[in-house]
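Predicted model only: the values in this text are computed from it and were never measured. Keep in mind that the numbers below use all heavy atoms, side chains included, and drop hydrogens, waters and symmetry copies.
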Amino acid sequence: QVQLVESGGGLVQPGGSLRLSCAASGSIFSFNAIGWYRQAPEKQRELVAAISRAGKTNYADSVQGRFTVSRDNAKNIVYLQMNSLKPEDTAVYYCIPADWSLRPAGSWGQGTQVTVSS
């Protein structure tokens with residue numbers, strides 16, 4: 001079983017940027033897709049962005065144009081570049097394997113906290 005570990009969260013001011021990393025213990029091509037999810041306190045966990053085995057990307061409307069998901073195939077790392085961050089982006093961010101319909105298909109980790117505040 002390939003494991004995914006997310007990192008890179010922190011505190012950033014509105015308008016700032018962060019890059020999250022999702023490191024896989026094996027090939028990222030063992031998954032149909034890898035998704036980035038986030039969950040704010042007392043809110044539903046939501047899909048933020050995803051990248052398929054073929055490299056197709058999907059984004060939530062709320063982050064379209066601000067976030068970019070990419071991958072380093074040699075290092076087996078999936079990235080989430082977050083620009084123009086807003087306070088409403090504050091959440092715990094998770095990366096997880098996803099199936100063809102972008103439904104979670106693995107185990108949830110601890111996530112990495114992103115806090116956007118002035």
* **Rounded distance [0.5 Å steps], CZ in Phe67 versus OG in Ser84** =>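 Result: 9.0 Å between the selected atoms.
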
* OG-CG distance between Ser52 and Leu102, expressed to the nearest 0.5 angstrom -> 8.5 Å

If two hydrophobic side chains count as joined below 4.5 Å and joins carry through other members, does [X] share a cluster with [Y]?
| X | Y | value |
| --- | --- | --- |
| Ile77 | Val69 | no |
| Val116 | Val92 | no |
| Val78 | Val2 | yes |
| Tyr93 | Val12 | yes |

Closest heavy-atom pair and its distance - [X], [Y]:
| X | Y | answer |
| --- | --- | --- |
| Leu80 | Ala49 | CD1-CB, 4.0 Å |
| Thr112 | Gly8 | OG1-N, 3.9 Å |
| Gln39 | Arg45 | OE1-NH1, 3.7 Å |
| Tyr94 | Gly109 | CE2-O, 3.3 Å |
| Ala40 | Ala91 | N-CB, 3.9 Å |

With a 3.5 Å cut-off and sequence neighbours excluded, list the donor-acceptor pairs that the side chains of residues 14-34 form with protein atoms.
| from | atom 1 | to | atom 2 | distance (Å) |
| --- | --- | --- | --- | --- |
| Ser17 | OG | Asn83 | OD1 | 2.9 |
| Ser25 | OG | Gln3 | N | 2.8 |
| Ser27 | OG | Phe29 | N | 3.1 |
| Ser30 | OG | Ser27 | O | 2.9 |
| Asn32 | OD1 | Arg53 | NH1 | 3.2 |

* **Centroid-centroid under 6.0 Å between Trp108 and Tyr37 rings** => yes

Check: [Y] and [X] side chains under 4.5 Å, non-hydrogen atoms:
| X | Y | result |
| --- | --- | --- |
| Gln113 | Thr90 | yes |
| Met82 | Val114 | yes |
| Arg66 | Tyr59 | no |

* Going through the checks in order, is the side chain to side chain contact (heavy atoms under 4.5 Å, CB included) test met by Ile51 and Arg71? -> CA-CA 8 Å; Ile51 184 167; Arg71 66 191 182 196; 3.9 Å; yes

* Structure fact -> The salt bridge (Lys or Arg N to Asp or Glu O under 4.0 Å) partner of Arg38 among Glu46, Glu6, Glu88 is Glu46

